[in-house]
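Notes to accompany the following structure.
Since the model is a prediction, treat every value here as computed from it, not as a measurement.
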Amino acid sequence: MPYFTRQVDPATGNLILVAFVGVSQARRTALVANNQAVPNPIQIMGLVDTGASCTCIDPTVLNQLNLSPTGSTSVNSPTTGATPAIADQYDVSFVIPSTLNHPPLVHQTIPVVKADLLAAQGFHALIGRDILRGCLLTYDGQNGLFSLAF
Amino acid sequence: MALETELATYHQRLAELVQNEGKFVLIHGSDVVDIYGTYEDAVKEGYQRFSLEPFLVKQIQSVEQVQFISRLLPHCA
């Protein structure tokens, strides 16, 4: 089972990892068929967030990929109040690199929600339970480490 | 709001779509194109049929499931 271990951010206690976000495989095919350039995947910092039911990405990343929404969902957060907000969804590819000689965690096409204000906090994505449900997450608080196996 | 026509179509046709609850519907404009077992299949078909034109892929739910984010306000359409 591929896995990696990272240090918990000592200042915030956050579980941060490097990931790559790109256009989905299906969109890539459409772009090529239309003789349009395929944006390179973008390296991001992702926050492992078990409090997020879905994966969210900052609009600065989505804009660089020239994406258009292909979905819509209702979202509740501490700032939406009792009435859920409507948020756009985008189909993307999402890759989390593993350690040397281990394959990465790859999602060729997953829906993500656009969420503002993430980049200002030092990360570009919330890695939610839609991705984590395929993983084993270990949080070693005493040693300041976390591991993700998949 | 993005995909306004497609979302209106989804809500107008929901009563018949719920026979396929949990599956994914592909909608282009006011046309319900087809229903797919997986999100990936619906998105793939959307790009194959409509290329880079707008289309909607949505999981069919009789009661809309709300996503929960414990941190921040998502961008609202």
Examine whether an atom of [X] lies under 4.5 Å from a heavy atom of chain B, and if so say whether it belongs to the side chain, the backbone or both; otherwise answer neither.
X: A:Asp49; result: side chain
X: A:Ser68; result: neither
X: A:Gln25; result: neither
X: A:Ile110; result: backbone
X: A:Asp91; result: both
X: A:Pro69; result: both

- Message: Looking only at heavy atoms and a cut-off of under 4.5 Å, which of A:Ala33, A:Pro84, A:Ser53, A:Ala30 has the most pairs with chain B?
- Response: A:Ser53
- Task: With a 4.5 Å cut-off on heavy-atom pairs, point out which of A:Cys54, A:Ser24, A:Gly128 contacts chain B the most.
- Result: A:Cys54
Any chance [atom1] of [X] has more than 12 other-residue heavy atoms, nucleotides or ligands included, within less than 6.0 Å?
X: B:Lys44; atom1: NZ; answer: no
X: A:Arg6; atom1: CZ; answer: yes
X: A:Gln36; atom1: CD; answer: yes
X: B:Tyr10; atom1: OH; answer: yes

- Message: Out of B:Tyr47, B:Phe55, B:Phe50, B:Phe68, return the one with the most heavy atom pairs under 4.5 angstrom to chain A.
- Response: B:Tyr47
Please classify the contact between [X] and chain A as side chain, backbone, both or neither, with a heavy-atom cut-off of under 4.5 Å.
X: B:Leu56; answer: both
X: B:Gln65; answer: backbone
X: B:Tyr39; answer: side chain

- Task: Kindly work out whether a path of hydrophobic side-chain contacts (I/L/V/M/F/W/Y, heavy atoms less than 4.5 Å apart) joins A:Leu67 to B:Leu52.
- Result: yes
- Consider only side-chain heavy atoms of I, L, V, M, F, W and Y, link residues closer than 4.5 Å, and tell whether B:Leu26 and B:Ile60 are in one cluster. no
- Task: Show your reasoning for whether side-chain hydrogen bond (donor to acceptor under 3.5 Å, both in side chains) applies to B:Ser62 and B:Glu21.
- Result: CA-CA 7 Å; B:Ser62 54; B:Glu21 176 129 21; 3.1 Å; yes
- Item | Test side chain to side chain contact (heavy atoms under 4.5 Å, CB included) applied to B:His28 and B:Glu53, step by step | CA-CA 9 Å; B:His28 179 248; B:Glu53 294 178 22; 3.0 Å; yes
